[in-house]
Asks: 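Here it is: the structure, laid out below.
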Amino acid sequence: MYTKQRKQLTTKTDKIVYKVVVFRDSQAFTPYTDTPIPYETLNGQKPFKAEGNARKQPDFFGFSIEGGMIHTYALASDAWNIVPFMSKEWGQPAVYECIIPKGTKYYEGCEINKTHSYASKQIRFVKRL
């Protein structure tokens, strides 16, 4: 994700976002990093928390954010638009409505395709779309 923010923001209220996940062998994973998502997390019983520290690197757009954050889309349509381009090796894609809970650190910016996105320390899954 790319951002112009120098520092992380903190949500003042729950922020609605959209996350693409993939399913393989009845298990959910994040695309790209292939992080397993436990059943109780996917059902909203527990938050999905990023591990490690975010890597913020200066670049042409401002900063790139990688690792240590969970990447989500601001619009459901943007999440759905990326689904056809996902590799079949990753698994069967699905889109979930989620929230970035109040009090969570996050960055706001865009993906390489200019879609409005977020990178946050945690999300909570709400429902499958």
Side-chain angles (χ1 to χ4, degrees):
M1 187 188 87
Y2 301 100
T3 185
K4 300 236 184 254
Q5 287 177 235
R6 292 195 175 277
K7 295 185 178 185
Q8 293 179 10
L9 301 175
T10 302
T11 56
K12 296 185 184 336
T13 61
D14 289 349
K15 186 177 289 295
I16 297 172
V17 295
Y18 301 90
K19 178 73 179 160
V20 177
V21 301
V22 293
F23 287 90
R24 289 191 314 273
D25 302 320
S26 301
Q27 172 68 50
F29 298 88
T30 63
Y32 307 106
T33 62
D34 211 33
T35 303
I37 305 170
Y39 180 77
E40 55 275 355
T41 300
L42 197 62
N43 286 322
Q45 297 166 348
K46 293 182 178 179
F48 186 47
K49 296 184 177 184
E51 297 194 14
N53 294 320
R55 292 184 306 279
K56 182 174 80 169
Q57 301 292 327
D59 71 11
F60 180 76
F61 299 102
F63 301 96
S64 65
I65 308 296
E66 295 181 13
M69 303 293 273
I70 299 165
H71 293 237
T72 53
Y73 292 96
L75 301 173
S77 59
D78 288 337
W80 282 113
N81 286 340
I82 198 72
V83 165
F85 300 101
M86 304 197 98
S87 170
K88 292 188 188 315
E89 290 83 40
W90 288 342
Q92 180 63 40
V95 176
Y96 279 79
E97 180 180 305
C98 303
I99 59 166
I100 300 174
K102 177 182 176 180
T104 301
K105 299 281 188 191
Y106 74 99
Y107 289 101
E108 185 171 357
C110 65
E111 297 297 326
I112 192 76
N113 62 356
K114 305 284 192 238
T115 56
H116 186 187
S117 59
Y118 297 95
S120 60
K121 287 307 288 179
Q122 69 173 330
I123 62 172
R124 185 175 293 274
F125 288 86
V126 175
K127 65 181 175 183
R128 185 174 177 165
L129 301 180

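All values reported here derive from a predicted model rather than from experimental measurement.
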Asks: Would you mind writing out the side-chain donor-acceptor pairs for residues 12-28 within the sub-3.5 Å range, not counting sequence neighbours?
Replies:
unit_1, atom_1, unit_2, atom_2, d
Asp14, OD1, Lys102, N, 2.9
Lys19, NZ, His71, O, 3.0
Arg24, NH1, Asp34, OD1, 3.1
Arg24, NH1, Trp90, O, 2.6
Arg24, NH2, Asp34, OD1, 3.0
Arg24, NH2, Asp34, OD2, 3.2
Gln27, NE2, Ile37, O, 2.9

Asks: Within a strict 4.5 Å, meaning less than it, do heavy atoms of the Lys105 and Met69 side chains meet?
Replies: no
Asks: Rounded to the nearest 0.5 Å, how far apart are OH of Tyr118 and CD1 of Ile70?
Replies: 15.0 Å
Asks: Would you please name every residue forming a side-chain hydrogen bond (donor to acceptor under 3.5 Å, both in side chains) with Ser77, sequence neighbours left out?
Replies: none
Asks: For residues 55-68, please give each side-chain donor-acceptor pair under 3.5 Å, one per line with the distance, not counting sequence neighbours.
Replies:
unit_1, atom_1, unit_2, atom_2, d
Lys56, NZ, Arg6, O, 2.2
Asp59, OD1, Phe61, N, 2.9
Asp59, OD1, Gly62, N, 3.1

Asks: Using only atom types and a distance under 3.5 Å, with no angle test, would you say the side chain of Thr11 pairs donor to acceptor with the backbone of Pro101?
Replies: yes
Asks: Roughly how far, to the nearest 0.5 Å, is the OG atom of Ser117 from the OH atom of Tyr107?
Replies: 13.5 Å
Asks: Could you tell me which non-hydrogen atom of Ala119 sits nearest to which non-hydrogen atom of Met1, and how far apart they are?
Replies: N-SD, 3.7 Å
Asks: So do the side chains of Ile82 and Tyr73 get within less than 4.5 Å of each other, counting heavy atoms only?
Replies: yes
Asks: Looking only at heavy atoms, which two atoms of Ala50 and Ser120 are closest? And how far apart?
Replies: CB-O, 4.2 Å
Asks: OG1/Thr72 to CD/Glu111 distance, rounded to the nearest 0.5 angstrom?
Replies: 9.0 Å
Asks: Out of curiosity, does Val83 fall in the hydrophobic cluster containing Tyr32 (side-chain heavy atoms, cut-off under 4.5 Å, transitive links)?
Replies: yes
Asks: Got a donor-acceptor contact below 3.5 angstrom from the Thr30 side chain to the Thr35 backbone?
Replies: yes
Asks: I need the minimum non-hydrogen distance between Pro93 and Gly91, along with the two atoms involved.
Replies: CD-O, 3.3 Å
Asks: Answer yes or no: is there a donor N or O on one side and an acceptor on the other, between the side chain of Thr3 and the main chain of Glu108, under 3.5 Å?
Replies: yes
Asks: What verdict does the side chain to side chain contact (heavy atoms under 4.5 Å, CB included) test give for Ile123 and Tyr96, after you've listed the backbone C-alpha separation in whole Å, the side-chain angles of each residue and the deciding distance to 0.1 Å?
Replies: CA-CA 11 Å; Ile123 62 172; Tyr96 279 79; over 6 Å; no
Asks: For the CD1 atom of Ile99 and the CD atom of Gln122, what is their distance to the nearest 0.5 Å?
Replies: 8.5 Å
Asks: When you compare the side chain of Thr115 with that of Leu75, does any pair of heavy atoms fall below 4.5 Å?
Replies: no
Asks: Can you name the nearest heavy-atom pair linking Phe125 to Thr41, along with the distance?
Replies: CD1-O, 3.5 Å
Asks: Hey, what do you get for CD (Glu51) to NZ (Lys121), rounding to the nearest 0.5 Å?
Replies: 9.0 Å
